[in-house]
> 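Here you go, one structure.
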Amino acid sequence: MTAKVYGLEKCDTCKKARNWLQRHKVEHEFVDYREQRVPADTLKAWALAVGGWDKLVNRSSTTWRSLPEARKSPESAPEWTLLIKEHPAVVRRPVLVTDDGQVSVGFNDKLFAQRFAG
């Protein structure tokens, strides 16, 4: 199985996830989504796959907390995608997309072990 890891180059959690994949010899590609913006349709698909925008966005992040209150209540997919386009660091990291189409957010050693078992 191969994977694409979307995140931020300097994010410690993204580094942990990439190191885990390297140690376990899982072929993967890293995409810094601040440098290579994710298309709106892809963001919508990720949100759907992980259980909604609230699961995709990290509301406890420094970036989220620094947003004006008016921006913290997007009511539609276009509003969410615009917010993420403007502030990519609000996306929970990393986003892992495997070649079988599964999408997950965050890193956890046990979760990755289950995901890549076999």
> Which pairs, with at least one residue in residues 85-112 and sequence neighbours excluded, count as a side chain to side chain donor-acceptor pair (under 3.5 Å)?
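Every side chain to side chain donor-acceptor pair (under 3.5 Å) pair that includes a residue of residues 85-112, provided the two are not neighbours, is Thr2-Asp99, Trp20-Asp109, Arg71-Glu86, Thr98-Asp100, Thr98-Arg115, Asp100-Gln102, Gln102-Arg115, Ser104-Arg115.
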> Which heavy atom in Ser61 sits nearest to a heavy atom in Ala89, and how many Å separate them?
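Heavy-atom minimum between the residues: OG-O, 4.3 Å.
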> For Glu79, what residues pass the salt bridge (charged side-chain N to carboxylate O under 4.0 Å, His left out) criterion, not counting sequence neighbours?
none
> Hey, could you give me the NZ/CZ distance between Lys10 and Arg34, rounded to the nearest 0.5 Å?
10.0 Å
> Please report the C-alpha distance between Gln36 and Asp32 in whole Å, then the side-chain angles of each, then the deciding distance to 0.1 Å, and finally whether the side-chain contact (heavy atoms from CB on, under 4.5 Å) criterion is met.
CA-CA 6 Å; Gln36 297 177 37; Asp32 184 322; over 6 Å; no
> Would you find more than 12 non-hydrogen atoms of other residues, nucleotides or ligands less than 6.0 Å from Glu27 atom CD?
no
> When you compare the side chain of Gln22 with that of His28, does any pair of heavy atoms fall below 4.5 Å?
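Yes, side chains in contact.
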> Check side chain to side chain contact (heavy atoms under 4.5 Å, CB included) between Thr62 and all other residues, then give those that pass, not counting sequence neighbours.
Arg65
> With Lys72, which residues qualify under side-chain hydrogen bond (donor to acceptor under 3.5 Å, both in side chains), at least two apart?
Glu69
> Mind listing the closest non-hydrogen atom pair of Phe112 and Gly106 along with its distance?
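Taking every non-hydrogen atom into account, CE1-O, 3.8 Å.
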> Apply the hydrophobic cluster definition, ILVMFWY joined by side-chain contacts under 4.5 Å directly or through others, and give me every member besides Val57.
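Cluster partners of Val57: Tyr6, Leu8, Val31, Tyr33, Val38, Leu43, Trp46, Val50, Trp53, Leu56, Trp64, Leu67, Trp80, Leu83, Ile84, Val90, Val91, Val95, Val97, Val103, Val105.
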> Start with the C-alpha gap between Asp54 and Arg59, add the side-chain angles, then the distance that decides, and say whether side-chain contact (heavy atoms from CB on, under 4.5 Å) holds.
CA-CA 8 Å; Asp54 287 328; Arg59 291 180 183 257; 2.5 Å; yes
> Does Phe116 form a side-chain contact (heavy atoms from CB on, under 4.5 Å) with Leu96? I'd like the steps, not just the answer.
CA-CA 12 Å; Phe116 294 102; Leu96 179 73; 3.8 Å; yes
> Kindly give the heavy-atom pair with the smallest separation between Ala17 and Pro94, and that separation in Å.
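Answer, listing the atom of Ala17 first, then Pro94: CB-CG, 3.8 Å.
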> Please check if atom NZ in Lys55 has more than 12 non-hydrogen atoms from other residues, nucleotides or ligands closer than 6.0 Å.
no
> When rounded to the nearest 0.5 angstrom, what distance separates NZ in Lys4 from CZ in Phe30?
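CZ of Phe30 is found 12.0 Å from NZ of Lys4.
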> Holding to side-chain hydrogen bond (donor to acceptor under 3.5 Å, both in side chains), I want the full list of residues that pass it with Ser60, two or more places apart in sequence or in another chain.
Asn58
